[in-house]
Amino acid sequence: MKLSATQMDAMQELGNIGAAHAATTLSQMVSSPVEMSVPKIKVVDIAQLADHIGEESAALVVFELQGEIAHGGYILFYISRKSAVHLTNSMLGLTDPDRALNEMDESALLEVGNIMASAFLDATAELLGFVMLPSPPALTVDMAHAAVQSLIAQMQDEVNEIVLFSTELVCEEHKIDSDIIMMPEASMLATFVERLENLMKSS
Amino acid sequence: MIGIGEYHVGSTPMMAIGLGSCIGLTIYDRERKIGAMVHIMLPESSGRIDRPGKYADSAIPLLLKKLTDLGCRKEALVVKMAGGACMFEYFGNNLNIGERNAEKVRAVLAENNIRLAAEEVGGKIGRTVAFYPDNGGKVTVRSADGAAHEI
């Protein structure tokens with residue numbers, strides 16, 4: 001699917017609103033300021049996925065987009081392994097930055113992902129005027145490319161290109177570098193664009 | 001570097017990184033010291049022809065043809081595969097694509113009367129696969145913890 005410059009701008013604004021809400025919840029959970037990058041929209045050929053998401057070890061909390069569109073794609077909270085430890089340390093009151101992730105960390109990461117994905121989807125759904133809900137979360141701590149590749153393989157629409165909306169969320173104080181990434185199915189993306197165009201017309 | 005759905009034929013080292021449910025399949029010709037590698041994403045092409053390397057059922061015949069066109073004999077080919085994991089249990093409930101990919105590879109190889117020399121598939125882990133046609137067709141598999149081993 002090709003997006004015009006106007007559509008890209010509109011999508012970027014949508015990502016901005018979603019990510020800003022997610023950033024606020026993250027900031028509350030770690031009790032420190034969180035900086036947010038400008039959302040990036042990337043159309044990526046699956047053969048080049050590795051240029052965008054590599055084999056580095058990361059924790060990914062993944063949700064399917066559900067609601068009015070039953071299989072709308074995915075939303076991912078992506079955090080490097082190192083940052084994941086910093087994040088859960090700050091939440092659990094621990095200090096060792098080099099420890100292994102345990103079950104308690106995994107629960108904490110699922111919880112953080114859940115709250116952030118919900119905040120992101122609530123904000124964007126409200127703007128667009130249709131219901132988007134996250135599925136129950138799934139977590140993996142492994143090669144990031146392997147996880148994202150597996151999601152692409154099970155998308156509803158057979159695709160050679162995917163669209164990634166990603167926004168970087170950084171907390172300097174706790175050395176946390178993370179991303180919130182939305183990977184919509186073509187049907188969901190078409191709905192976004194249509195709703196956004198209607199919004200622009202009516203304003 | 002071989003991306004999703006891509007393949008390469010030659011004698012230089014090849015690599016497919018971060019395989020989850022995808023399969024890295026290597027074919028090495030012991031006589032000619034050349035080989036081929038493909039990064040398969042799905043079991044069946046269902047008639048699609050734009051990216052033959054993406055599907056097990058179209059990728060394997062294609063690579064076999066490329067190699068036999070170069071004069072390789074089927075009897076000299078050593079085939080190995082890695083990947084086919086299930087990274088997310090919750091999402092993988094009714095469509096374990098990794099497992100289906102691996103089954104399809106085995107089935108298509110059997111149809112072509114080719115033995116699978118080695119495989120490392122399944123589980124819940126990502127794998128990076130490297131293939132060295134210039135070094136006896138060596139195939140190594142590395143996981144997220146960094147440990148690499150030969151299969």
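FYI, side chains are in, hydrogens and waters are out, and symmetry mates aren't considered; it's all heavy atoms of this structure.
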With a 4.5 angstrom heavy-atom cut-off, which part of A:Ile46 approaches chain B: side chain, backbone, both or neither?
-> both
Region of A:Asn160 in contact with chain B, defined by heavy-atom distances below 4.5 Å = both
Is a side-chain donor or acceptor of B:Arg30 paired with a backbone partner of B:Glu75 at a separation under 3.5 angstrom?
-> yes
Sidechain-backbone polar pair: A:Asp122 side chain, A:Ala119 backbone, donor-acceptor under 3.5 Å | no
Within 6.0 Å of [atom1] in [X], more than 12 heavy atoms from elsewhere:
X: A:Gln48; atom1: CD; value: yes
X: A:His86; atom1: NE2; value: yes
X: A:Glu103; atom1: CD; value: no
X: A:Glu68; atom1: CD; value: yes

Taking every non-hydrogen atom, the tightest pair across B:Glu44 and B:Tyr55 = O-CD2, 3.2 Å
Identify which of A:Glu56, A:Arg81, A:Gln149 forms the greatest number of heavy-atom pairs closer than 4.5 Å to chain B.
-> A:Gln149
In terms of heavy-atom proximity below 4.5 Å to chain A, should [X] be classed as side chain, backbone, both, or neither?
X: B:Ser143; result: backbone
X: B:Lys54; result: side chain
X: B:Asp50; result: side chain
X: B:Arg48; result: side chain

Check the angle between the aromatic planes of A:His145 and B:His39 and answer parallel, tilted or perpendicular using the 30° and 60° thresholds.
-> tilted
Measure the acute angle between the ring planes of A:Phe165 and A:Phe192, then classify it against the limits of 30° and 60° as parallel, tilted or perpendicular.
-> perpendicular
Contact winner vs chain A - B:Arg142, B:Met1, B:Arg51, B:Arg127, heavy-atom pairs under 4.5 Å | B:Arg51
Taking a cut-off of under 4.5 angstrom between non-hydrogen atoms, the residues of residues 11-26 of chain B near chain A are B:Ile17, B:Gly18, B:Leu19, B:Gly20, B:Ser21, B:Cys22
Side-chain donor-acceptor contact under 3.5 Å, B:Asp57 with B:Ser45 | yes
